[in-house]
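Have a look at the structure below before the remarks.
Computation of the quantities below employed the complete heavy-atom set of this structure, encompassing side-chain atoms and omitting hydrogens, waters and symmetry-equivalent molecules. Just so it is clear: chains get the letters A, B, ... in the order the sequence lines come, proteins before strands, and each one is counted from 1. Small disclaimer: the values here were computed from a predicted structure and weren't measured.
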Amino acid sequence: EVKLVESGGGLVQPGRSLKLSCAASGFSFNDYWMGWVRQAPGKGLEWIGEINQDSSTINYTPSLKDKFTISRDNAQNTLYLQMSKLGSEDTAIYYCAREGNGLDYWGQGVMVTVSS
Amino acid sequence: DIQMTQSPASLSASLGETVTIECLASEDIYSNLAWYQQKPGKSPHLLIYYANSLNDGVPSRFSGSGSGTQYSLKINSLQSEDVSIYFCQQNYDSPLTFGGGTKLELK
């Protein structure tokens with residue numbers, strides 16, 4: 001069974017950094033592109049970015065490129081999202097997702113709240 | 001960036017009815033379009049990929065169509081469990097972009 005489990009969320013002060021993790025199981029992690037998507041409270045889905053199998057290609061949505069860094073550890077079957085200079089606009093549920101035909105598996109999401 | 005315009009933003013329909021949701025891309029995305037369903041408090045779930053391919057386990061009352069810049073999701077014989085928000089996403093070019101969503105409610 002494919003499982004994606006995000007962790008690392010919580011309450012963080014404005015201007016600080018936070019690193020999210022996504023533990024993958026039930027499939028060959030190093031065969032797939034992986035991505036991050038977020039959803040602000042009551043809003044739609046926003047694609048953050050994606051990373052290919054060997055981390056040689058990483059794409060971001062332009063508005064987040066200077067704040068967020070996606071990485072992966074294939075030995076640990078784990079995807080990461082490093083977030084810096086956080087602001088209230090970054091308050092959201094953050095999902096990791098596997099890129100198969102579309103985003104075919106999603107984690108349960110982790111809440112990040114940016115507030116003083 | 002490719003802009004995805006989804007319509008309508010909300011929709012109210014009766015059980016058994018057929019509903020259609022539209023998605024318009026700002027440029028040709030060559031059928032690289034996916035549809036997702038998100039039930040309240042849950043993660044999104046892939047329904048359709050490559051414009052018209054049904055994901056495993058998705059009921060056959062869901063179907064997708066379209067080409068070029070215009071795409072649609074059709075739900076035949078609406079069931080109560082179909083009450084959700086539906087999103088389209090283009091995966092033709094980075095940044096991959098979502099439509100704004102369609103909230104489907106029962107009348």
Side-chain angles (χ1 to χ4, degrees), chain A residues 1-7 9 20 22-24 26-27 32-52 56-68 70 79 92-111, chain B residues 1-10 21 23 25-26 29-58 62 64 66 71 73 84-104:
Chain A
E1 179 196 6
V2 172
K3 281 191 74 174
L4 298 170
V5 180
E6 300 95 340
S7 61
L20 305 182
C22 170
F27 66 101
Y32 288 87
W33 285 69
M34 298 293 295
W36 288 97
V37 175
R38 72 179 181 180
Q39 187 170 35
K43 302 295 185 183
L45 301 174
E46 181 181 23
W47 185 80
I48 296 171
E50 62 185 352
I51 185 169
N52 74 338
S56 60
T57 300
I58 307 173
N59 298 313
Y60 298 94
T61 200
S63 61
L64 299 177
K65 185 178 170 65
D66 294 333
K67 287 178 51 165
F68 289 5
I70 295 173
L79 175 72
I93 297 172
Y94 286 74
Y95 297 101
C96 66
R98 189 182 85 168
E99 294 190 15
N101 290 313
L103 299 174
D104 59 358
Y105 286 93
W106 296 62
Q108 84 286 354
V110 63
M111 185 71 203
Chain B
D1 300 2
I2 298 174
Q3 307 303 314
M4 303 301 293
T5 303
Q6 194 173 332
S7 61
S10 63
I21 299 168
C23 205
S26 59
I29 57 172
Y30 302 95
S31 297
N32 288 279
L33 184 103
W35 290 97
Y36 301 89
Q37 176 190 55
Q38 186 178 32
K39 297 189 177 183
K42 300 293 187 182
S43 306
H45 173 67
L46 177 67
L47 294 174
I48 302 279
Y49 60 94
Y50 206 61
N52 60 14
S53 295
L54 204 64
N55 192 26
D56 291 344
V58 175
F62 291 91
Y71 299 87
L73 172 70
S84 301
I85 302 177
Y86 294 86
F87 295 93
C88 62
Q89 183 204 26
Q90 66 84 13
N91 45 33
Y92 173 65
D93 192 28
S94 179
L96 310 186
T97 41
F98 289 94
T102 295
K103 186 174 185 179
L104 175 59

Residue among A/Asp104, A/Leu45, A/Val37 with most heavy-atom pairs under 4.5 Å to chain B: A/Leu45
Pairs of heavy atoms under 4.5 Å with chain A: top-ranked of B/Gly99, B/Pro44, B/Ala34: B/Pro44
List the atom of B/Ser43, the atom of A/Gly107, and the distance in Å for their closest heavy-atom pair. OG-O, 2.6 Å
Is there side-chain contact between A/Tyr60 and B/Ser94, with heavy atoms separated by less than 4.5 Å? no
Interatomic distance, CG@B/Asn91 vs CG@A/Asn101, rounded to 0.5 Å, equals 9.0 Å
If you count heavy-atom pairs under 4.5 Å with chain B, which of A/Gly109, A/Pro62, A/Gly44, A/Gly35 comes out on top? A/Pro62
Can you tell if the side chain of B/Gln38 reaches within under 4.5 Å of the side chain of A/Gln39, non-hydrogen atoms only? yes
Just by distance, do the side chain of B/Tyr36 and the backbone of A/Leu103 share a donor-acceptor pair under 3.5 Å? yes
Which bit of B/Asp1 comes within less than 4.5 Å of chain A, counting heavy atoms only: side chain, backbone, both or neither? side chain
Drop me the distance from B/Thr97's OG1 to A/Glu46's CD, to the nearest 0.5 angstrom. 11.0 Å
Please classify the contact between B/Phe87 and chain A as side chain, backbone, both or neither, with a heavy-atom cut-off of under 4.5 Å. side chain
Working note: A/Tyr105 + B/Leu46, criterion side chain to side chain contact (heavy atoms under 4.5 Å, CB included); need CA distance, chi angles, decisive distance, verdict. CA-CA 8 Å; A/Tyr105 286 93; B/Leu46 177 67; over 6 Å; no
Check the pair B/Gln89, A/Trp47 against side chain to side chain contact (heavy atoms under 4.5 Å, CB included), reporting the backbone distance first and the verdict last. CA-CA 9 Å; B/Gln89 183 204 26; A/Trp47 185 80; 3.9 Å; yes
